[in-house]
Amino acid sequence: MKNADIQSLLFWYGGNKRDLPWRNSRDPYCIWLSEIILQQTRVDQGLAYYYKFVEAFPRVQDLAKAHLDEVLAMWQGLGYYSRGRNLHATALHVTEIGGFPSTYEALLKLKGVGPYTAAAIASFAYQEQVAVLDGNVFRVLSRWLGSHLPIDAASTRNEFQALLNQWIPADSPDIFNQSMMELGALVCTPKSPKCEECPLQNSCKANAEGNATNYPVKKTKVKVSAMALTYFELHVAGKVAFVRRSNNGIWAGLYDLPSCSTEQEMTIDEIVNQLRDWGVQGELEFCHETRHLLSHRKIQARFYKVLCEHMPSNEFQWITLNELKVLGISTLLKNYLEKRYTVVA
DNA sequence: AACACGGGGAC
DNA sequence: GTCCCAGTGTT
Ligand code: SF4
């Protein structure tokens, strides 16, 4: 990219940027928080969470003092819950070492901070001359170059990163980074890019070819596998059995009804056996069936209810639906509970 | 290098 | 239905 292109880009940004709260700050905490929230997440979706977190935890020390369950409850609905767990762990670590690291290389060592986020914090908070490379920048650059290299190959990332690091101006690395991302978000969009409004239109190869949507090229497509999830609402004396999901896999660390994950729908025999293993006795009632889509899973969920005759001797936590309000649960379970109990989980 | 990991908006 | 979003961690 020539200097004139970069100047056009920066000028365009000055006149067209959105007013986003984290852009008014050079506080590494606010920038870090916003960047974690916005990983694979649209600004529109993340904005409310950003306000919620900043209000509840104005400083990184406040976030460090919170319990992980509280953080995950606030993260509920945003997805990619390992972000919430890493957010809390990093808040503890940063508080421990007395503040955020101030270089790209040091930021990269933080949990939940990869190449994109490290570059974002380093450039936005500390004006380090390191380029961000996110989905927007990949798309803009792939089109501008007219590149047929798959953007999900490591070699392409390295190549793009080297070009950007060559172009990023020393006196305004933060503005350059935000300009590239903003251009991808507002003009060089995945579908129907507005090339006629683009500050790079005269130098863009894809625009010259008149086929911007031929780019970018990807080699992999995420495959969606089917999965059956059988949930059990186990009641004893006004309380319901819950478990805390493991720190691996889907909805890691969230609270959940006891459930079984299988490839095929569970048979009644399998269900009866499972309940016997748990020591659950009582009449089994089928309640609800629904489907839930994740990026990589197509889930068929079936919900059963048992009014237990005795307290099963096992590892469940028995809580009231009211107590559940302060615990993080999946959107699938939240939708179910809202449908059945009109509670706000 | 390939895969796991959410949810929602736009088309 | 499809695509993909201010990506990172694990294997
Ligand atoms: S001219 Fe079109 S394709 Fe090229 S960078 Fe601008 S919006 Fe993207």
Side-chain angles (χ1 to χ4, degrees), chain A residues 13 17-18 20-23 30-50 72 75-87 89-90 107-121 123-124 131-140 142 150-158 161 174 177-186 188-193 213 215-225 227 245-254 261 291-299 328-335:
Chain A
Y13 178 71
K17 65 178 174 183
R18 292 167 291 181
L20 302 174
W22 46 85
R23 284 189 175 154
C30 293
I31 293 168
W32 165 72
L33 177 60
S34 70
E35 292 303 337
I36 302 298
I37 287 174
L38 294 172
Q39 284 167 8
Q40 291 290 286
T41 304
R42 284 186 174 72
V43 168
D44 292 340
Q45 192 189 357
L47 203 49
Y49 286 84
Y50 176 77
L72 290 177
W75 201 268
Q76 177 176 305
L78 244 197
Y80 287 154
Y81 296 93
S82 65
R83 289 185 295 171
R85 197 169 52 256
N86 287 334
L87 187 82
T90 295
L107 286 161
L108 202 49
K109 293 188 169 68
L110 300 175
K111 280 184 189 170
V113 175
Y116 163 74
T117 306
I121 302 172
S123 63
F124 301 163
V132 296
L133 192 38
D134 72 335
N136 288 311
V137 180
F138 266 118
R139 186 172 55 256
V140 171
S142 174
I151 60 169
D152 50 348
S155 54
T156 308
R157 164 177 278 280
N158 293 336
Q161 185 75 55
D174 48 349
N177 281 338
Q178 284 170 0
S179 300
M180 288 291 284
M181 290 193 286
E182 196 76 333
L183 189 69
L186 300 182
C188 197
T189 47
K191 290 167 187 169
S192 309
T213 52
Y215 308 95
V217 174
K218 272 190 179 180
K219 57 175 173 179
T220 59
K221 209 172 276 194
V222 283
K223 54 182 176 189
V224 180
S225 56
M227 166 180 165
R245 297 184 65 90
S246 78
N247 283 340
N248 304 317
I250 294 172
W251 302 312
L254 297 190
S261 172
R291 290 176 192 282
H292 189 80
L293 290 173
L294 307 182
S295 291
H296 58 305
R297 296 256 197 242
K298 183 160 51 175
I299 299 173
I329 60 175
S330 70
T331 295
L332 167 59
L333 180 58
K334 177 171 175 277
N335 290 343

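In what follows, chains carry the letters A, B, and so on, assigned in the order in which the sequence lines appear, proteins first and then strands, with residues in each chain numbered from 1.
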- Query: Considering only heavy atoms from C-beta outward, does the side chain of A:D134 approach that of A:Q39 to under 4.5 Å?
  - Reply: no
- Message: B:dG6, OP1 or OP2 - any side-chain N/O from A:H292 closer than 4.0 Å?
- Response: no
- Write down the distance separating the C1' atoms in C:dA6 and B:dC3, rounded off to the nearest Å. 22 Å
- Query: Measuring from A:C30:SG to A:E35:CD, what's the distance to the nearest 0.5 Å?
  - Reply: 11.5 Å
- Please determine, by modelled atom types, if A:N86 and A:R83 share a side-chain donor-acceptor pair under 3.5 angstrom. no
- Note on the structure: Contacts of A:L294 and A:S155 projected onto DNA chain B by closest heavy atom; the upstream (5') one is A:S155
- Rounded distance in Å - CG (A:D152) to P (B:dA4): 15 Å
- Atom NZ of A:K223 to atom C1' of B:dC3: distance rounded to whole Å? 8 Å
- Query: How does each nucleotide of nucleotides 5-11 of chain C score, in 5' to 3' order, for protein heavy atoms under 4.0 Å: base (B), sugar-phosphate only (S), or none (-)?
  - Reply: BBBSS--
- Message: Over all strands shown, is A:G77 touching base, sugar-phosphate only, or nothing at heavy-atom distances under 4.0 angstrom?
- Response: sugar-phosphate
- Query: Over how many whole Å does the gap from A:R245 atom CZ to B:dG6 atom P extend?
  - Reply: 9 Å
- P atoms of B:dG6 and C:dT10, separation to the nearest Å: 14 Å
- Item | Euclidean distance, atom CG of residue A:D44 to atom C1' of C:dC4 [Å, nearest integer] | 14 Å
- Kindly write out the residues that satisfy side-chain hydrogen bond (donor to acceptor under 3.5 Å, both in side chains) with A:D152, not counting sequence neighbours, or none if the list is empty. A:T220
- Nearest-0.5 Å distance that lies between atom CG in A:L47 and atom CZ in A:R18: 10.0 Å
- With nearest nucleotides of DNA chain B determined for A:S192 and A:A252 from heavy-atom distances, which residue corresponds to the more 5′ nucleotide? A:A252
- Query: Is there side-chain contact between A:P150 and A:K218, with at least one heavy-atom pair below 4.5 Å?
  - Reply: no
- Item | Distance, rounded to the nearest Å, where A:H296 contributes NE2 and C:dC4 contributes C1' | 15 Å
- Item | Between C:dG1 (C1') and A:K298 (NZ): distance, integer Å | 10 Å
- Item | Distance, rounded to the nearest Å, where A:R83 contributes CZ and B:dG6 contributes C1' | 8 Å
- Note on the structure: Rounded to whole Å, OH of A:Y49 lies from P of B:dG7 at a distance of 9 Å
- Task: For A:L78, answer base if it contacts any base atom (sugar-phosphate contacts may also be present), sugar-phosphate if it contacts only those atoms, and nothing otherwise; contact means non-hydrogen atoms under 4.0 Å.
- Result: base
- Message: Using the rule given for side-chain hydrogen bond (donor to acceptor under 3.5 Å, both in side chains), can you reason through A:N177 versus A:S123, listing the C-alpha separation, both sets of side-chain angles and the distance that settles it, and then say yes or no?
- Response: CA-CA 8 Å; A:N177 281 338; A:S123 63; 2.9 Å; yes
- Would you classify A:K221 as touching base, sugar-phosphate or nothing, given that sugar-phosphate means primed atoms plus P, OP1 and OP2, and contacts are heavy atoms under 4.0 Å? sugar-phosphate
- Item | Phosphate contact (B:dG7 OP1 or OP2) by A:W251 side-chain N/O below 4.0 Å | yes
